[in-house]
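These notes are about the structure you will find just below.
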Amino acid sequence: MIGNKDFLLCGAGAAGPALEGGVVHTGMRADAGAVDSVRIRGGKIHVHVIGNSSGKISPKGICGSGIVDLIAELFLEGWIDIRGKFSPEKTNLIQKREGQLCIEYAPGLYFYQKDIDEFILTKAAAHIMVEIMLRESGLELNQADRFYVAGSFGKYVSVESAITIGMYPDMEREKMINAGNSSLEGAQKLLLNKELLADIDQILEEMTYIQFAEVDDFLEQMVAAQALPHTDYKKYPTVMEKLKKRQNICFY
């Protein structure tokens with residue numbers, strides 16, 4: 001959704017299953033045993049496991065925030081390219097199993113090329129929803145006062161990792177606000193104050209819904225957003241700076 005007190009544009013896309021690990025071989029919800037954070041340092045993969053404060057819980061799979069971290073780190077390290085394809089010449093941690101390249105991110109747990117390909121479709125959809133709504137409203141990204149990320153996934157995902165893979169726009173970090181479980185909070189407020197129904201009716205009248213699939217250049221935009229972080233890397237200056245520092249790459 002994008003707007004102000006005078007107008008509201010909104011749209012919807014199905015990303016939930018992917019963000020809950022539903023499109024990867026070893027994906028899982030953010031429960032005990034899930035890898036929820038990943039870093040690559042010195043050629044080694046370091047993970048954080050939910051509920052493992054005692055050191056007794058072994059990794060069972062990877063949840064959404066861990067997936068975003070892992071893809072971002074693989075990209076920054078140069079272990080996958082702009083298309084999200086593995087570069088096996090960069091590290092011997094990349095291997096072949098079940099007929100496709102993969103990487104062992106935790107003991108006995110593998111992240112496959114197909115996993116990356118599927119998740120990139122989700123991040124591309126998230127990107128173009130924002131881009132199309134900005135375009136339809138006639139606004140530039142730098143004109144946005146605040147960028148809200150709602151839901152439990154938005155609460156725990158690394159903003160930097162999400163920007164690195166192109167799922168979030170590259171904008172001033174202080175403008176990005178974690179709204180938490182806003183739907184639950186809204187339902188709670190409505191139960192306690194039925195007068196809010198009047199506000200809801202007014203909001204509904206002001207909303208204009210965008211069917212993304214009916215936008216003329218939707219498929220073209222989707223393809224462009226499937227690159228890491230985007231085909232037009234000038235949209236992501238801070239990511240280019242990170243790549244330059246991590247891999248000593250120059251962009252022209």
Side-chain angles (χ1 to χ4, degrees), residues 1-4 7-16 18-19 64-76 80-84 116 118-180 182 207-213 215-246 249 251:
M1 181 180 294
I2 185 170
N4 54 28
F7 78 96
L8 286 172
L9 287 181
C10 62
L19 303 183
S65 59
I67 294 170
V68 174
D69 270 359
L70 178 56
I71 295 176
E73 288 292 301
L74 290 172
F75 177 57
L76 290 175
I80 58 175
D81 62 21
I82 190 172
R83 303 165 301 157
I116 297 175
E118 290 291 334
F119 197 83
I120 281 179
L121 292 175
T122 296
K123 83 90 185 175
H127 173 93
I128 62 171
M129 284 190 283
V130 175
E131 189 143 302
I132 289 174
M133 283 195 290
L134 280 169
R135 187 179 69 187
E136 293 299 309
S137 66
L139 297 173
E140 298 291 337
L141 182 60
N142 59 15
Q143 293 177 285
D145 234 7
R146 294 177 293 277
F147 183 88
Y148 291 95
V149 183
S152 56
F153 174 80
K155 183 176 181 179
Y156 295 106
V157 70
S158 162
V159 169
E160 290 301 326
S161 292
I163 291 173
T164 297
I165 68 171
M167 190 165 74
Y168 293 174
D170 194 348
M171 63 187 297
E172 297 170 56
R173 307 311 191 252
E174 60 270 21
K175 290 184 177 181
M176 306 186 83
I177 300 168
N178 167 35
S182 55
M207 289 173 68
T208 300
Y209 188 80
I210 298 175
Q211 291 279 4
F212 293 113
V215 175
D216 290 342
D217 62 346
F218 177 83
L219 291 178
E220 181 183 335
Q221 294 283 340
M222 186 74 175
V223 170
Q226 286 174 39
L228 296 173
H230 192 276
T231 304
D232 183 0
Y233 62 81
K234 292 178 182 177
K235 293 177 183 287
Y236 285 86
T238 69
V239 178
M240 296 305 107
E241 280 300 312
K242 288 181 194 174
L243 280 171
K244 189 187 298 183
K245 290 178 181 177
R246 186 85 75 97
I249 295 175
F251 296 91

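The shown structure was predicted, so the numbers you read here are calculated from the model rather than taken from an experiment. The chain is numbered in sequence order, starting from 1.
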Could you state the interatomic distance from [atom1] ([X]) to [atom2] ([Y]), rounded to the nearest 0.5 Å?
X      : Y      : atom1 : atom2 : result
Met222 : Met129 : CE    : CE    : 9.0 Å
Gln226 : Arg83  : CD    : CZ    : 12.5 Å
Glu241 : Lys245 : CD    : NZ    : 6.0 Å
Asn4   : Asp145 : CG    : CG    : 9.5 Å

Please report the closest heavy-atom contact between [X] and [Y], naming both atoms and the distance.
X      : Y      : value
Thr231 : Ala224 : OG1-O, 2.7 Å
Met167 : Ala126 : CG-CB, 3.8 Å
Pro229 : Ile163 : CB-O, 4.1 Å
Ala179 : Tyr148 : CB-CD2, 4.2 Å
Leu228 : Phe75  : O-CZ, 3.2 Å

Would you mind reporting whether [Y] and [X] have side-chain heavy atoms less than 4.5 Å apart?
X      : Y      : result
Lys123 : Val68  : no
Val130 : Tyr168 : no
Val149 : Ile177 : no
Phe119 : Ile165 : yes

>> Suppose we screen for salt bridge (Lys or Arg N to Asp or Glu O under 4.0 Å). Which residues come up paired with Glu73, at least two apart in sequence or across chains?
In response: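 Residues passing salt bridge (Lys or Arg N to Asp or Glu O under 4.0 Å) with Glu73: Arg41, Arg246.
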side-chain hydrogen bond (donor to acceptor under 3.5 Å, both in side chains) partners for [X], two or more places apart:
X      : answer
His230 : none
Ser161 : Asp69, Ser158
Ser137 : none
Thr238 : Asp170, Arg173

Which residues share a side chain to side chain contact (heavy atoms under 4.5 Å, CB included) with [X], sequence neighbours left out:
X      : result
Glu174 : Glu172
Met133 : Ile2, Ile210, Phe212
Leu141 : Leu134, Pro169, Met171
Thr208 : Leu9

> Can you tell me if Lys242 uses its side chain to pair, donor with acceptor, with the backbone of Thr164 under 3.5 Å?
Replying inline: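 Not confirmed, Lys242 side chain does not pair with Thr164 backbone.
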>> Enumerate the salt bridge (charged side-chain N to carboxylate O under 4.0 Å, His left out) contacts for residues 216-227, please, sequence neighbours excluded, ordered by first and then second residue.
In response: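 Passing the test, one end in residues 216-227: Arg135-Asp217.
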